[in-house]
Asks: 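A single structure is presented below for examination.
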Amino acid sequence: MANIESFDLDHTRVHAPYIRLAGVKTTPRGDSISKYDLRLLQPNQGVIEPAALHTLEHLLAGYLRDHLQDVVDVSPMGCRTGLYMAVIGEPNEEGVLQAFTAALQDTANHDRPIPGVSELECGNYRDHDLTTARQLARTALDQGLKVQETVLIQR
């Protein structure tokens, strides 16, 4: 089985909330794609309920694109403590941190319908929780976001 970057991360030594450069891939044409770990909750100490995580995915998919160019994808982590973001190129971590902070502020203040929530637009349109998504964004902002270095497991 291929080695998975996140399985080498020492989840006991990171401190959420944070952004972290999880890796950079180079395509056969020479383009770079950067993957960022956008962590809201401390691993193994909290979990985002599925409906709130789904809403965060919908909101951050748009708001991150408002603040950062060339976002390819925003997707939830299976462990439900944050999201991953893929970006074309190699934006600096401080720029990603500023974009994530602004996107979380937008999420905390979101007072309109959640985008993309209909049977036509979403594969599980009934499973959303705007109130909790907004609260998670506020809590992360109140705790203070930072850039987290990758801390590898000492094997």
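By convention here, the first residue in the shown sequence is residue 1.
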Asks: Determine the minimum heavy-atom distance between A108 and A137, stating which atoms define it.
Replies: N-CB, 3.9 Å
Asks: Cluster question for you: counting only ILVMFWY and a side-chain heavy-atom cut-off of under 4.5 Å, with indirect links fine, are L60 and L97 together?
Replies: yes
Asks: Tell me whether N109 contacts the main-chain N or O of Q105 through its side chain, where contact means a donor paired with an acceptor under 3.5 Å.
Replies: yes
Asks: Quick one: name the residues clustered hydrophobically with I114, using the 4.5 Å side-chain heavy-atom rule over I, L, V, M, F, W, Y, and just say none if it's on its own.
Replies: L59, Y63, V117, Y125, L130
Asks: Would you say that F100 contacts L145 through its side chain, given a criterion of any heavy-atom pair below 4.5 Å between the two side chains?
Replies: yes
Asks: Kindly determine whether S32 and E90 satisfy side-chain hydrogen bond (donor to acceptor under 3.5 Å, both in side chains), including the steps that lead there.
Replies: CA-CA 7 Å; S32 296; E90 298 182 47; 3.0 Å; yes
Asks: A side-chain contact here means heavy atoms from C-beta on lying under 4.5 Å apart; do L83 and L53 qualify?
Replies: yes
Asks: Are there over 12 heavy-atom neighbours, none belonging to Q69, within less than 6.0 Å of that residue's CD?
Replies: no
Asks: Under a single-linkage definition using a 4.5 Å side-chain heavy-atom cutoff for Ile, Leu, Val, Met, Phe, Trp and Tyr, are Y84 and V47 assigned to the same hydrophobic cluster?
Replies: no
Asks: Do L9 and I153 come close enough that some side-chain heavy atom pair is under 4.5 Å?
Replies: no
Asks: Flag the pair L64 / M85 as yes when at least one side-chain heavy-atom distance between them is below 4.5 Å, and no otherwise.
Replies: yes
Asks: Can you sort out the partners of L41 under side chain to side chain contact (heavy atoms under 4.5 Å, CB included), two or more places apart, ordered by chain and number?
Replies: I48, T81, L136
Asks: Might you confirm whether atom CD of E119 has over 12 heavy atoms from other residues, nucleotides or ligands at distances under 6.0 Å?
Replies: no
Asks: Check D127, N124, D129 against P50 for a side chain to side chain contact (heavy atoms under 4.5 Å, CB included) and give me the one that passes.
Replies: D127
Asks: Could you walk me through whether Y18 and D37 pass the side-chain hydrogen bond (donor to acceptor under 3.5 Å, both in side chains) test, one step at a time?
Replies: CA-CA 8 Å; Y18 63 77; D37 171 346; 3.2 Å; yes
Asks: Closest approach of Q143 and A16, non-hydrogen atoms and distance?
Replies: OE1-O, 4.5 Å
Asks: Quick one: pull up NE2 in H58 and CD in E121 and give me the separation to the nearest 0.5 Å.
Replies: 8.5 Å
Asks: Please determine whether residues V24 and L68 belong to a single hydrophobic cluster, defined as Ile, Leu, Val, Met, Phe, Trp and Tyr linked transitively by side-chain heavy-atom distances below 4.5 Å.
Replies: yes
Asks: Which distance, rounded to the nearest 0.5 Å, do you find between the CD of E49 and the OG1 of T132?
Replies: 8.5 Å
Asks: Could you please spell out the steps behind the side-chain contact (heavy atoms from CB on, under 4.5 Å) verdict for T150 and L21?
Replies: CA-CA 8 Å; T150 296; L21 178 62; 6.0 Å; no
Asks: Work out which heavy atom in K146 is nearest to a heavy atom in P17; give both atom names and the distance.
Replies: NZ-O, 3.3 Å
Asks: Going through the distances and angles, do T101 and Q98 end up as a side-chain contact (heavy atoms from CB on, under 4.5 Å)?
Replies: CA-CA 5 Å; T101 299; Q98 289 175 4; 5.7 Å; no
Asks: Any side-chain heavy atom of P91 within less than 4.5 Å of one from S34?
Replies: yes
Asks: Take a 6.0 Å sphere around CG of D142 and say whether it holds more than 12 heavy atoms from other residues, nucleotides or ligands.
Replies: yes
Asks: Would you give the length of the straight line joining atom CZ of R39 to atom CE of M77, rounded to the nearest 0.5 angstrom?
Replies: 3.5 Å
Asks: What are the two closest heavy atoms between A99 and H67, and how far apart are they?
Replies: CB-O, 3.7 Å
Asks: Taking side chain as C-beta onward, heavy atoms only, is H54 less than 4.5 Å from R126?
Replies: no
Asks: Are any non-hydrogen side-chain atoms of V72 and I88 less than 4.5 angstrom apart?
Replies: yes
Asks: Could you tell me the separation between the OG1 atom of T107 and the CG atom of L56, rounded to the nearest 0.5 Å?
Replies: 6.5 Å
Asks: Does K35 use its side chain to pair, donor to acceptor, with the backbone of V87 at less than 3.5 Å?
Replies: no
Asks: What is the minimum heavy-atom distance between T55 and A133, and which atoms define it?
Replies: CG2-CB, 3.7 Å
Asks: Could you please spell out the steps behind the side-chain contact (heavy atoms from CB on, under 4.5 Å) verdict for E93 and I19?
Replies: CA-CA 8 Å; E93 291 173 318; I19 68 103; 4.0 Å; yes
Asks: Is there a donor-acceptor pair closer than 3.5 Å between any side-chain N or O of T26 and the backbone N or O of G30?
Replies: no
Asks: Would you sort out whether Y36 and R20 count as a side-chain contact (heavy atoms from CB on, under 4.5 Å), showing the intermediate values?
Replies: CA-CA 6 Å; Y36 285 89; R20 178 183 69 86; over 6 Å; no
Asks: If you round to the nearest 0.5 Å, how far is CG of L104 from CG of D106?
Replies: 9.0 Å
Asks: Roughly how far, to the nearest 0.5 Å, is the CD atom of Q135 from the OG1 atom of T131?
Replies: 9.5 Å
Asks: Assess whether atom CZ of R155 is packed by more than 12 heavy atoms of other residues, nucleotides or ligands within 6.0 Å.
Replies: yes
